[in-house]
Amino acid sequence: MSAKVVIVGAGPAGANAALALARSGIASVLLDDNPHAGGQIFRPREGGRLPLLGADTRGETLRQGLRHHASLIDHRSGHEVIAVYPGPRLWVAAPDGAYELTPEHLVLATGAVEVTVPVPGWTLPGVYTLGGLQILAKSSAIVPAGKVVLAGTGPLLYLVAAQLVSAGVAVTDVVDAAGFPTAGQLAGMARVPALLLRGIGFELTLRRHGVAIHRRSAVVEVVGDGAVREVVVAPVGDDWAPLPGPRTRLAAGVVGLSFGLRANTELTQLAGCDHAHDPVRGGWRVRREADYATSVAKVYAIGDGAGIGGVDTALAEGTILGHGLTRRLGATAAILDAEATEAQRQISSLTLFRRALHDWSGLRPGIFSIADSRTMVCRCEDVTAGDIDAALDRGLALPRGLKLGTRAGMGLCQGRTCGPAVQERIARHSGVAVPELPMPTVRVPLRPVTAAMLASLAPKLPGE
Amino acid sequence: MFKRLDGAGPLVTVTVDGQALQLPGGMPLAAALLHAGIATFHRSVRAAEPRGPLCLMGSCFQCVAVIDGVANQRTCRLPVRAGMAIELCVPPVPEDAA
């Protein structure tokens, strides 16, 4: 199947890129593995009525735009890219079978993955990521019925806490590894006043509902027998390693636990693009030129999948990519000129905001020292921190030998959950900083597929 | 341990490990099971620990179950359909692991 432009990911970046191209008359195929366009941030409610606090209408605008331009934008929901080969050549798993695409231009807008930090007891049923709890509330109107403790760091912590508490959920405590933002950090965030005010609004909502906020603190253990019963909270130091001293025990039936976002680099890695470690944008991310071209010809990357920047940056990058690609394809981009200039201006302020946000809540390595030797790091293959340390003591080569020797990262999730924790473990053991370590590897197929699906992708023999 | 903020939609009948259960049609299966009070979806591969959904957005694979005979299906991404046969892979803990 041939399509001139294929965009992977119908979140804010990818959908906006498709819309920008369509407005200059350029057709695209927009692949997305979710039932609806909008990405995780703009996930629609499935027939629910109660809008959550801070609900954003921009997702509906995007979806309307895609429908309006349906003659140019071939939006395929439920289609998941399982492999990328040079060319670029894509393998796509769809509900009714698998197929191959060989686009002239490939735009990767694959979004973010939440960063999890292993702590003793975090595998107990009842522990969810903050984003997971938000999705339950946002798209299914399902919220915890009992006491809830939310822990981790970053804007999502306060957003989810404010949304749940406003919906009547008994969020008793918020545990943030970061301290209260400094005057300098607040000044940086004030570069985008609307976002800073939003954050202050969440903080005030929590105070109004009497939620206790523990700053410079972390959940160091989740306790329960088959289900969560309570969490243990300890103060943390400058690098977020837990400090000795008194522990606080908090009763909870549900725990939200995650530490910000990182770019989902699976496809840019499979496409063979160069990457670098950039803590401000969430760690490993693809290297890009000014027009979002990667090191591989005709492969572009935008949005959180190319480095965490948030929804406003993702929308702006979609517009700029659409503008640039229109010109490359030889069409007139006049309709987009002013919008691209405005998007570029927004990105400049957002970059300053992002830097301040990272300074305040960016992940610090001491948090990974909470795991003890028996703590599960790789949940899919049941590999503990002790198993990884023992393998490192044996001197297994990185990263492949460690992966093969322990199976950490070889399970169903392909290392999406344990990747950062395994890398921090290696860094701690070897004394080599994460940016100097080899990047975690990615293998096809990215998702479990049936043999029938793979067979349907096999190259046809001559005469067949 | 989970409650619903809006009114229940139309319920459909599914089976969970052979037992009939009424779940809201169209809701992601993981959300529907959590609402029905089921938080353990499988036991882990080596330690046989109880496990359930974590990310609910298709990334972590902790919510997998056998659906209509097909293994490793992410229940957070599958809408509830009438007649769905769900196997939660929660075998009894072997004695040597307990």
Side-chain angles (χ1 to χ4, degrees), chain A residues 33-35 40 43 45-50 52 78 80 111 113-114 116 122-129 131-137 139-146 167-169 225-228 253-254 257-258 264 376 379-384 407 411-414 416-417 447-448 450, chain B residues 1-10 23-66 69-74 76-80 88 90 93 97-98:
Chain A
D33 56 352
N34 292 286
Q40 303 304 340
R43 263 175 101 107
R45 313 249 319 157
E46 297 145 7
R49 293 177 281 107
L50 299 169
L52 282 183
E80 218 164 3
V113 188
E114 281 187 280
T116 52
W122 77 303
T123 53
L124 280 170
V127 178
Y128 307 91
T129 63
L133 286 178
Q134 188 192 37
I135 283 172
L136 282 176
S139 52
S140 305
I142 297 285
V143 296
V169 176
D225 182 17
V228 176
V254 165
L257 185 68
S258 55
N264 180 358
M376 289 297 173
R379 303 167 66 113
C380 298
E381 293 289 324
D382 275 355
V383 184
T384 64
R407 297 196 58 81
L412 283 174
C413 96
Q414 294 278 292
R416 274 190 300 280
T417 310
R447 306 288 182 273
T450 59
Chain B
M1 81 192 57
F2 282 89
K3 61 185 178 186
R4 197 161 177 187
L5 287 176
D6 54 4
L23 295 178
M27 183 182 278
L29 178 58
L33 290 173
L34 287 172
H35 181 240
I38 298 170
T40 298
F41 284 38
H42 68 277
R43 285 192 181 269
S44 63
V45 293
R46 288 205 305 181
E49 292 179 353
R51 296 280 173 81
L54 176 69
C55 81
L56 293 145
M57 60 186 97
S59 176
C60 76
F61 280 78
Q62 294 287 298
C63 68
V64 292
V66 181
V70 183
N72 296 330
Q73 299 293 298
R74 285 169 283 174
C76 68
R77 305 174 57 84
L78 281 180
V80 172
L88 285 184
V90 188
V93 187

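Below, chain A is the first sequence line, B the second, and so on; all start at residue 1.
Residues A:Val383 and B:Arg46 share a closest heavy-atom pair of CA-NH2, 4.1 Å. Contact detail for A:Tyr128 and B:Ala39: the closest heavy-atom pair is OH-CB, 4.4 Å. Taking all atoms of both residues into account, the shortest heavy-atom contact from B:Asp6 to A:Ala141 is OD1-CB, 3.5 Å. Across every non-hydrogen atom of B:Leu5 and A:Ala167, the tightest pair is CD2-O, 3.6 Å. Taking all atoms of both residues into account, the shortest heavy-atom contact from A:Met376 to B:Ala47 is CE-CB, 3.8 Å. Closest of all the heavy-atom pairs between A:Ser140 and B:Arg4 is O-NE, 4.1 Å.
Atom-to-atom distance recorded for B:Phe61:CZ and A:Arg447:CZ is 5.5 Å, nearest 0.5 angstrom. Put simply, CZ on B:Arg43 and CG on A:Asp382 are 11.5 Å apart, with the number rounded to the nearest 0.5 Å. Interatomic distance, CG of B:Leu56 versus OG1 of A:Thr129, reported as 6.5 Å (0.5 Å rounding). Taking SG of B:Cys55 as the start and CZ of A:Arg416 as the end, the distance is 8.0 Å to the nearest 0.5 Å. Between A:Asp33 atom CG and B:Arg77 atom CZ the span is 4.5 Å, to the nearest 0.5 Å. Separation of atoms CE (B:Met57) and CD (A:Glu114) is listed at 4.0 Å; rounding is to 0.5 Å.
Of the listed residues A:Gln134, A:Gln414, A:Glu381, the one with more heavy-atom pairs under 4.5 angstrom with chain B than any other is A:Glu381. The choice from B:Met1, B:Met27, B:Arg51, B:His35 that makes the most heavy-atom pairs within less than 4.5 Å of chain A is B:Arg51. Between chain B and the options A:Gly132, A:Pro125, A:Gly78, heavy-atom pairs under 4.5 Å are most frequent for A:Pro125.
Using a 4.5 Å cut-off between heavy atoms, A:Leu136 touches chain B through its side chain atoms alone. Neither the backbone nor the side chain of A:Asn264 comes within contact range of chain B; no heavy atoms are under 4.5 Å apart. When heavy atoms are compared at a cutoff of 4.5 Å, A:Leu412 approaches chain B by way of both its backbone and its side chain. Contacts of A:Thr417 with chain B are made by side-chain atoms alone, with heavy-atom separations under 4.5 Å and no backbone atom involved. For a residue to count as touching a neighbouring chain, one of its non-hydrogen atoms must lie under 4.5 Å from one of that chain's; by this rule A:Val143 touches chain B with backbone and side chain alike.
The backbone N or O of B:Cys60 lies less than 3.5 Å from no partner atom in the side chain of A:Arg379, so there is not a single donor-acceptor pair.
Residues A:Pro144 and B:Lys3 have side chains not in contact (no heavy-atom distance under 4.5 Å, counting atoms from C-beta outward).
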